[in-house]
Amino acid sequence: MTTSILSDLKIRFSKAIATAFGEEYANHDPAVAPSKDAKFGDYQCNAALGLTKKLKQKPQDVAAQIIANVKVDDMFEAPTIAGAGFINLKLKLSYLETQLAKMQKSDRLAIAKVEKPDRVIVDFSSPNIAKEMHVGHLRSTIIGDSIARILEFQGHEVLRLNHVGDWGTQFGMLISYLREVYPDALTKADAIAIGDLVELYRAAKKRFDEDEAFKETSRNAVVELQAGGAEAKLAWQLLCEQSRREFQKIYDALNIQLEERGESFYNQFLSDVVTDLRETGLLQENQGALCVFLEGFTNKDGQPLPLIVQKTDGGYNYATTDLAALRYRIREDKATRIIYVTDIGQSGHFAQVFQVAKRANWIPETVQTTHVPFGLVMGDDGKKFKTRSGDTIALKSLLEEAITRARADIETRNPEASEEFKQDVAEAVGLGAVKYADLSQNRTSNYIFSFDKMLALQGNTAPYMLYAYVRVQGIGRKGEIDFASLNVDAVKLTQEAEIVLAKHLLQFAEAIDAVAEELFPNRLCQYLFELSQKFNQFFEQCPVLQAEESERISRLSLCDITAKTLKLGLNLLGIRVLERM
């Protein structure tokens, strides 16, 4: 098993810099990156430019001393210096061929697990009880799942948490309303369909906003629930279980694994948050509420903005729950990296929560907290994606539509296939297309939702990736090839298209490392898209089944490694491949 070429090079150049100029330069940035222009080589070290002022030497002389101390001859041809001290490196063909053989023999494509695994919590999806999951939950769910998959593949211990909205005023509101209009829903399981429950929730919200007496009744119901009243607690449990079953149908369809730990889980720890913050001296009373005044946040009048931890009526809020959750995840779950995947509108909220937790000394130096924000899903009109009536689009209907459209395409292209085959392909292509269309975007950007674009067989789409994988399987069937029995040590790279494909295959580990560090799954999507393009160019320029025996085995190996990389890469995005389309 090997680390990525890039991470290996960074270590080697860091050692070379320390050897050449002294240990005080051991932590100097080695400035190693893949070359942007292939004519200069495959990788580049630009450290000489950053060292020239400190060392008071010409960058070319600095570069020469680095080269004299770096050991890369097992991987690269002799390094060269270009321009203002740029060190260029070109991979040896023998190294490429050896690494390809290792990749083909390994289930992990010869990618090593991390030496020191983190305990990571990924907080994602987080729908609300008594509401249908909608298109906004799509982004959190599939971005969070992809990040979790990649970190798990690296060998980290990942806890996938679903911070469900299962507590608060909305339950008092809903219980009070159902007592009036549909009391059976509070005592009998599944007495009401989830769609009807959503409509009743809307009606309850409207009544809550307009009727002061009903608002007071609702608040009393919350108090009853918080006090553990038997009737209110049973009603709450039934509502949660019903919603949970509906959520699970979507998670099952999307192949998402999550451990539910809703807001209610942290209720018992909310008073501890207040006690802790009071003891640290951060807590202040303001107009009857207990707050922490934030640094760097101001209101419209330019006054310091308070984060309310306990309201004037003694109740707690969203921020209190998140503080309790963060404190629990560090102290009890022993997490060393905590990742929150929510919409970009919550960026300020998490910045405030993290600030308070840091000032309270709850976050040790060894723990990293990160908010992973994402933009909106837009319609063709450039506005927030909604139904024609202006409602938020239910995620269930969106996924069903994707499968239906994929099925219609299969019916026209492969009408003779069995019903079972058509449905299986429709589900893989339809759901894969929806996931990939989202993940291939820079997550911080808004993107326009288009079934036509995401289901296209050309371009940066799931069908294009799936087709590249299917193409390799088709080669195997046509030539009656058993890929597992190929002599992988017979790989010989002679044509430019073969070498280009081989070098890209070796960069797979770098793409995974980049997503794990920066948390942008579109980096992996872009890698897979370029891999599919380079494979198609290789396939067009280099005959495979018609080639001479030695070339044939070598090229079949390249096909097989490409297919394995596509399969693993798509799996890390939560997308399953197909043997036929």
Side-chain angles (χ1 to χ4, degrees), residues 1-2 4-5 34 38-39 41-43 75-77 90-111 457-458 460 463-512 524 526-571 577-581:
M1 292 290 177
T2 56
S4 73
I5 296 172
K39 72 182 180 185
D42 301 307
Y43 291 87
M75 299 165 64
F76 294 91
E77 295 173 9
K90 186 176 182 181
L91 286 161
K92 287 181 175 178
L93 285 185
S94 58
Y95 176 78
L96 286 172
E97 291 162 354
T98 303
Q99 293 306 112
L100 289 171
K102 287 181 182 177
M103 288 178 76
Q104 194 170 17
K105 292 173 186 173
S106 163
D107 291 339
R108 293 179 54 86
L109 295 169
I111 298 172
L457 279 169
Q458 295 298 320
N460 191 8
Y464 182 71
M465 309 296 144
L466 294 173
Y467 187 71
Y469 179 83
V470 166
R471 194 174 209 177
V472 176
Q473 307 317 306
I475 292 167
R477 287 190 293 270
K478 186 176 178 181
E480 298 181 345
I481 307 299
D482 177 11
F483 284 114
S485 66
L486 288 174
N487 177 11
V488 294
D489 293 316
V491 176
K492 294 297 173 197
L493 304 170
T494 58
Q495 301 300 310
E496 184 60 25
E498 294 175 320
I499 296 167
V500 168
L501 176 59
K503 287 178 178 178
H504 195 71
L505 285 165
L506 263 62
Q507 291 178 342
F508 184 43
E510 291 169 20
I512 291 171
L524 179 54
Q526 186 62 32
Y527 169 85
L528 295 173
F529 178 47
E530 290 174 9
L531 175 61
S532 299
Q533 288 179 312
K534 287 173 170 58
F535 171 72
N536 287 333
Q537 288 161 4
F538 151 77
F539 187 73
E540 288 163 9
Q541 294 172 29
C542 301
V544 178
L545 294 176
Q546 298 79 21
E548 295 293 325
E549 184 63 15
S550 61
E551 279 190 337
R552 184 170 175 269
I553 293 172
S554 180
R555 289 172 183 175
L556 282 168
S557 293
L558 271 176
C559 290
D560 188 34
I561 299 163
T562 299
K564 286 179 174 176
T565 305
L566 284 168
K567 183 176 183 177
L568 177 53
L570 288 169
N571 179 261
V577 296
L578 293 159
E579 301 302 306
R580 300 172 187 261
M581 279 173 72

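We use all heavy atoms of the structure for the numbers below, so side chains are in, but hydrogens, waters and symmetry mates are not.
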Side-chain donor-acceptor contacts of residues 540-548 below 3.5 Å, not counting sequence neighbours, with atom names and distances?
none

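- Smallest separation of non-hydrogen atoms from Glu510 and Pro34: OE1-CG, 4.0 Å.
- Taking 4.5 Å as the limit, every side-chain heavy atom of Arg580 sits out of range of all side-chain heavy atoms of Gln473.
- Put simply, the side chain of Phe538 does not reach to within 4.5 Å of the side chain of Thr562, judged on heavy atoms.
- One distance of note links NZ of Lys492 with OG of Ser557; it measures 11.5 Å at 0.5 Å rounding.
- To the nearest 0.5 Å, the span separating CG on Asn460 from CD on Glu530 amounts to 9.0 Å.
- Distance check, rounded to the nearest 0.5 Å: CE of Met581 to CG of Leu466 gives 5.5 Å.
- Tested against Phe508 for a side-chain contact (heavy atoms from CB on, under 4.5 Å), the candidates Leu531, Leu566, Thr565, Ile561 yield a single pass: Thr565.
- For Asn571, the side chain to side chain donor-acceptor pair (under 3.5 Å) test picks out no residue, with sequence neighbours left out.
- Here the side chain of Ser532 pairs a donor or acceptor atom with the backbone of Leu528 at under 3.5 angstrom.
- Between the side chains of Gln537 and Gln533, no donor-acceptor pair of N or O atoms lies under 3.5 Å.
- Within the model, atoms CE of Met103 and CG of Asp560 stand 10.5 Å from one another, a figure rounded to the nearest 0.5 Å.
- Using bins of under 30°, 30° to 60° and over 60° for the plane-to-plane angle, the ring pair Phe76/Tyr43 lands in the perpendicular bin.
- The distance from atom CD of Gln99 to atom CG of Leu505, rounded to the nearest 0.5 Å, is 12.0 Å.
- In this structure, Leu493 CG and Lys503 NZ are separated by 9.5 Å, a value rounded to the nearest 0.5 Å.
- Minimum heavy-atom separation, Leu568 to Leu109: CD2-CD1, 3.8 Å.
- Two residues are said to be in side-chain contact when any heavy atoms from C-beta on lie closer than 4.5 Å; Arg555 and Gln495 meet this criterion.
- With a 4.5 Å cut-off on side-chain heavy atoms, Leu100 and Gln104 do not count as touching.
- Annotation: side chain of Val491 is not in contact with side chain of Thr98 (no heavy-atom distance under 4.5 Å).
- Counting heavy atoms from C-beta outward, Lys564 and Phe483 have side chains that stay 4.5 Å or more apart.
- Considering every non-hydrogen atom in both Leu524 and Gly569, the closest pair reads CD2-O, 3.7 Å.
- When side chains are defined from C-beta on, Gln507 does not count as touching Asp42, because their heavy atoms never get closer than 4.5 Å.
- Checked against salt bridge (Lys or Arg N to Asp or Glu O under 4.0 Å), Glu480 has no partners two or more places apart in sequence or in another chain.
- For the residue pair Asn536 / Tyr464, a side-chain donor-acceptor distance below 3.5 Å is found, with atom types taken as modelled.
- Side-chain contact check for Leu578 versus Tyr469: every heavy-atom pair is 4.5 Å or farther apart.
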